[in-house]
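Values below: all heavy atoms of this structure, side chains included; hydrogens, waters and symmetry mates excluded. Proteins come first, then strands; the chains are lettered A, B, ... in the order of their sequence lines, and each starts at number 1. Predicted model only: the values in this text are computed from it and were never measured.
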Amino acid sequence: MTGSVHALIQGVVLGILTGGVYALMASGQTLIFGIMKVVNLAQGALVILAAYLSYTLFTSFGLDPLLTIPLTTVIMFGLGVVIQLVFLRPLKREDSAQLSLLVTFAVALLLEGFMSVVWKTTYRSTNTDYANSSWTFWGIQFTVVRVVAFVLSLVALGLLFLLLNRTKFGRAVRATVQNPMSAELLGVESKRVAALGFGLGAATAAAAGSVYGLLYPFNSGSHYDLISELLSIVVLGGLGSVGGAVIAALIVSTSSAVVATVFSPTWSSFTFFVILILVLLVRPQGLFGTVERGAL
Amino acid sequence: MSKANRWRRSAMVAATSAAVLLLASACAGTASSTATGGAGSSSGSPAPSSTAPLVIGASVSLTGDFADSGKAVKAGYELWADEVNKKGGILGRQVQMKIVDDTSSPTQVVTNYQNLITQDKVDLVFGPFSSLLTIPASQVAKRYGYAFLEPAGGGPKVFAQKLDNLFFVQPAPVVKSGDVFADWVLSLPAADQPKTAAYAELDDPFSAPIAENIRARFEAAGIKTVYQQVYPAETRDLSPIMTKVAAANPDVLVSGTQSEDAYSQVKSLVQLKFSPKFMYMSNGANSPVEFPSKVGAANVNGIMSAADWYPGSPAPTSPAFVAAYTAKYGGSETDIDPSSAEAFSAGQLLEAVAAKTGKIDNATIISSLHQGSWPTLVGNLSWDAIGQPTGSFSLIQWINQKLVPVYPADVSKATPVYPKPNWGG
Amino acid sequence: MTALLEIVGARKAFGGVRAVDDCSLTVEEGSITALIGPNGSGKTTLFNLITGYLKADGGEFRFRGRDVTGSDPGRLYRQGLTRTFQQARVFPHMTVTENLVVAGGYSWRDLLVPRVLGRDRSRADVLLEEFRMTHVAELPASELSYGQRKLLEFAAVLMSEPRLVLLDEPTAGVNPVMIDTMERHIRERHAAGVTFLVVEHDMQFVMRLCDPVVVLDNGKEIFSGPPSEVQQNPLVLDAYLGT
Amino acid sequence: MSIRSLVRGGVFVAALMALPLLGFEHWVLNLMIFTLMYAAMSSAWNLVGGFAGYPSLGHAAFFGLGAYFVGLWFQHHAVVTGYEPFLVLPIAGLIAAVVGFPIAWIAMRTRADVFAIVTITLLFVAQTLAFNLDSLTGGAQGLAMPTPPFELARFEWPFYYAMLWILLASMGITYLSMRSKVGLSLDAIRADEDKALGVGVHVQGVKVLSFSISVALVAMAGGVWAYYETFTYPQFAFDPIITIGMVLMCFLGGRGTLWGPVIGAFILVPGQQYLAYRLGGSQFYLIAYAGVFLLIMLLMPRGILPTIADRVRRRRAIAASSEGPPPADASPPTAGPGSNVPVPSGGAA
């Protein structure tokens with residue numbers, strides 16, 4: 001039936017467009033893991049914080065959320081560095097994986113508390129004048145916000161790629177991701193890389209947050225929704241793999257959108273969990289992760 | 001705080017709105033009557049003297065999922081306490097509200113009512129926010145023989161407990177709040193009635209059942225269901241569902257919504273350029289400020305919803321309530337959350353019981369409220385044996401970007417507009 | 001002598017780098033075989049393949065005549081193949097005795113018996129005596145010096161009465177006195193019938209102790225023979241000096 | 001040590017056993033029910049998260065499983081005496097163990113951090129299932145429990161004792177495993193799993209076993225909780241905050257210890273409930289909570305018990321060394337050569 005084919009295509013389009021935003025959020029998450037072996041449970045809260053920042057800049061100063069991204073990026077980068085220095089660096093190496101889980105969770109709570117004091121708990125959304133416009137091609141709806149969000153995410157991911165592959169800092173980061181010990185031997189200051197890397201991860205939340213605010217209503221508690229999805233994406237993609245995170249984000253958002261459109265929205269989130277479990281059964285390290293065993 | 005519950009915190013914000021009855025002067029005159037012992041508590045709280053303050057405990061969500069609405073309920077309770085104290089209190093006793101936070105957690109809500117009743121030995125209790133917390137809380141109240149006036153727990157499972165001490169302070173159970181829309185549609189001339197219907201329902205105790213109730217009525221009347229979909233609370237993106245609604249091209253769209261999902265539905269429909277002839281949203285669309293700001297003021301016209309209290313409510317004492325509210329909290333009439341009005345009504349019922357019986361203890365409240373109807377401004381609130389109110393809501397519609405009651409005739413201030421104007425029209 | 005461990009055509013690549021490339025190797029029963037080679041020649045990777053910590057991309061592993069390709073470390077351990085690690089991996093929060101007992105091997109049925117049974121303790125005591133560590137028996141391993149930890153790790157793998165012990169740089173980071181101690185223990189155990197495969201950078205140590213010597217370069221065996229011939233072999237010189 | 005711990009345990013058990021008899025008000029018993037519940041669950045979590053070093057964030061999935069099992073069982077069976085729900089708890093535990101077994105088998109093949117994520121995913125899967133299998137669970141309408149028919153004066157007693165028994169079971173299992181080769185294996189796994197694997201420890205088996213026992217205990221607590229609450233709902237029963245509670249209490253008191261989780265629960269549950277009751281309205285509640293949380297993590301990363309134990313030991317050592325020569329077996333090892341070599345920290349560098 002053409003109706004269901006149409007719905008399928010619409011679902012795929014939606015999924016891919018949304019996938020860009022998730023890819024952006026997850027790339028920061030996976031980068032932080034890769035560099036520091038820290039599962040950052042505060043990434044969702046950072047995204048929401050960035051969404052609030054761009055919301056405030058928009059409602060108070062009338063600045064378009066897309067244009068303020070450079071500003072919010074700088075703020076979020078700074079915040080990320082501070083979080084790393086204050087809360088994560090003091091952790092002892094032994095147990096740091098477990099402790100950092102809890103510490104970043106506490107940071108998420110702290111941010112949530114802060115946001116609920118500053119912005120209250122009512123849902124906000126950044127309603128620009130183009131919020132409700134859409135383009136129609138071949139009967140498929142391309143909403144302006146989503147297309148913009150997708151393009152923006154691509155641009156941000158592209159910049160991230162350039163940063164990682166074309167700069168000295170990027171090389172240091174990649175060396176640390178691959179092998180922290182030899183990176184240190186090669187003169188990489190792992191402590192500095194960790195701080196800057198956490199900042200970089202947080203900075204990706206800036207662009208993601210601006211876009212998130214355009215797409216969805218959010219409040220200080222919204223980070224719980226985000227974090228489980230983000231975690232699943234980075235696990236699916238393979239912890240520490242930016243490319244894996246991008247692909248996993250697309251798989252996740254497309255599969256849930258398709259299931260939602262073609263079958264029922266009730267099972268869309270579930271589908272994706274099933275994919276995750278299946279992948280882990282076959283490849284415990286995720287799609288693009290590498291096997292690591294202790295200090296072998 | 002969980003993934004599955006984006007909207008639950010704003011659940012019932014507008015879940016049903018209650019017209020507030022300021023039983024104002026009626027009660028003021030009786031303040032001098034002699035009150036006898038307060039709580040019907042079996043925990044042996046000492047009988048307060050007739051001048052001791054009347055302490056009323058309530059647990060509401062000030063943090064967590066239900067915080068927004070919880071705060072609105074708190075505002076309503078405290079406003080009522082202020083107002084009644086200005087009039088000399090109840091039976092000469094000043095009212096003291098003891099409001100504690102349940103962090104939107106069922107564990108904490110049980111602890112709070114246990115503490116209120118057995119530690120702080122409050123005289124009376126009011127309910128929390130949301131059916132989900134009302135159920136465990138009402139069991140605690142029942143155990144100690146407390147009357148349970150609750151303005152915000154009208155889901156089916158609340159009444160399934162069959163508690164005789166519980167009173168839902170709204171005109172009708174949540175499930176039946178959409179009946180007024182079905183009544184109106186089915187009262188139209190046959191030629192004008194919709195032939196096909198689509199239903200998009202948020203999966204929670206306060207939304208989907210409303211739409212399902214309307215669907216049962218419509219199907220019985222021969223209106224064909226062309227699409228029906230329940231979506232989980234964490235559905236952030238309603239465009240897939242609205243795409244299918246548009247494809248089914250129904251005459252009427254019935255949405256069982258809370259708030260954010262309602263806005264998202266409308267936005268998607270606007271983007272899809274599909275406008276049904278009739279559109280009813282159980283909640284979200286009855287929010288006077290949020291709704292137009294979220295979906296664009298030009299897109300609201302023609303959308304219908306149900307309400308018990310709303311700005312410009314025809315209730316005779318609504319102006320007094322509004323004046324008191326804005327004096328205490330600032331803002332304007334349109335900023336008042338109906339939950340505050342419903343909470344306020346719970347207090348008004350106490351005043352009415354005291355005025356009528358000259359007593360204010362739990363046993364008296366329970367037995368009194370089960371009899372007769374309580375002259376409130378939304379008509380008369382009355383309950384069956386298990387606390388279900390037997391009245392009905394008002395149908396309201398956005399006309400010229402204003403929320404206006406349109407049905408039934410006794411509250412109507414304008415003729416319902418149909419078919420719904422196109423988006424932006 | 002018979003072959004205790006045989007490796008045929010082992011391969012392992014990381015990304016595009018072939019760490020072990022079509023490597024074949026035999027360890028004769030009763031030998032102390034040295035495995036040497038320049039940095040990055042694949043010695044440690046080969047160790048990890050043999051002991052089951054890494055899965056080979058290809059090749060065959062035989063231990064005591066049986067195919068053990070793909071076995072996990074625990075299973076190999078129970079068959080008598082065990083190893084030490086370069087960094088002296090002991091369990092720091094457990095006592096020295098417990099470190100020995102946990103390595104002593106116990107079956108499912110023994111899980112609910114006390115941590116250290118009388119018979120566990122007497123077995124451990126014998127080894128501690130041999131290694132002259134009786135005075136630290138009840139200390140947590142974290143309080144031992146690095147050299148003592150290396151000894152402890154070595155002693156622990158002996159708890160299971162292994163047939164083949166793989167030693168990963170037993171002298172690395174250890175002072176000269178401790179090197180002699182280590183050498184003495186290896187000799188004693190060798191005399192008692194244990195076969196050794198040793199990765200070592202200390203050439204004097206290798207020359208004194210080992211026969212034969214196997215040289216690895218770029219993941220391949222390039223030489224195998226008595227220590228006296230190693231220094232003359234042109235291939236080995238090339239590998240070390242680089243041409 | 002054994003006598004002292006026996007006395008300590010005996011006093012603890014006797015005091016808790018006697019508490020309801022002392023005529024406390026209902027609210028005290030109510031608070032104790034939740035305290036015992038969290039103590040039991042935190043203690044159970046400790047088996048996996050503390051001893052094996054696998055921080056499960058999905059234990060609430062089994063809490064919910066227990067809650068829903070009890071609820072669903074009594075959709076079809078009548079409650080007459082009121083004690084029936086307690087009698088089916090072992091079945092709830094068994095089901096949780098059986099369900100947990102394959103899950104642990106898969107999830108524990110991954111590293112500890114991935115394990116944490118997989119288990120939290122499991123929690124959301126369970127929650128989604130509870131919402132979506134509405135013909136079975138009642139879905140978003142929630143599930144009503146039978147109303148407990150106990151007389152008011154002793155209403156809380158059955159729940160109190162049920163939670164107490166689960167706590168004692170949990171602590172008993174912890175104690176036994178600490179004293180047995182299970183504990184030895186778990187210690188080795190936590191310290192250095194690869195090394196443990198290489199010395200023949202039944203790594204996978206012991207991990208999976210401790211996970212199954214742990215989730216069985218949590219499921220039983222969930223069953224009691226649901227009956228006490230008289231109502232359950234997917235969002236409440238499968239709530240991440242429940243897992244976080246277990247984890248936090250365990251970390252606060254000291255993970256990998258017998259008393260740590262119990263101490264953590266006895267501090268945090270009354271503290272939290274009291275704070276929420278007394279000052280919950282404050283907007284800064286969450287900030288303060290997170291602040292305390294962070295301070296504990298940074299200042300006492302190992303938890304209260306181990307930190308205090310360390311301090312006491314150090315003080316004793318100082319006292320001993322100032323009074324005379326230390327006992328022979330406590331002296332730092334100086335006999336071995338090579339002690340000048342720097343000691344790398346931890347098992348895996």
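Partners of C/Arg208 according to the salt bridge (charged side-chain N to carboxylate O under 4.0 Å, His left out) rule, which considers only residues two or more places apart in sequence or in another chain, are C/Glu183.
Using a 4.5 Å cut-off between heavy atoms, C/Thr82 touches chain D through its side chain atoms alone. At a 4.5 Å heavy-atom cutoff, the contact between C/Asp120 and chain D is made by side-chain atoms alone. At a 4.5 Å heavy-atom cutoff, the contact between D/Val206 and chain C is made by backbone and side-chain atoms alike.
The two atoms that bring D/Leu258 and D/Val262 nearest to each other are O-CG2, 4.1 Å, heavy atoms only.
Within the structure, every pair that satisfies the salt bridge (Lys or Arg N to Asp or Glu O under 4.0 Å) test and touches residues 202-213 of chain D, not counting sequence neighbours, is listed here: D/Glu193-D/Lys207.
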**OP:** Could you walk me through whether D/Tyr54 and D/Phe211 pass ring pair (Phe, Tyr, Trp, His ring centres under 6.0 Å), step by step?
**Re:** CA-CA 9 Å; D/Tyr54 274 75; D/Phe211 187 88; 9.4 Å; no

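Between chain D and the options C/Ala103, C/Ser160, C/Gly105, C/Gly104, heavy-atom pairs under 4.5 Å are most frequent for C/Ala103.
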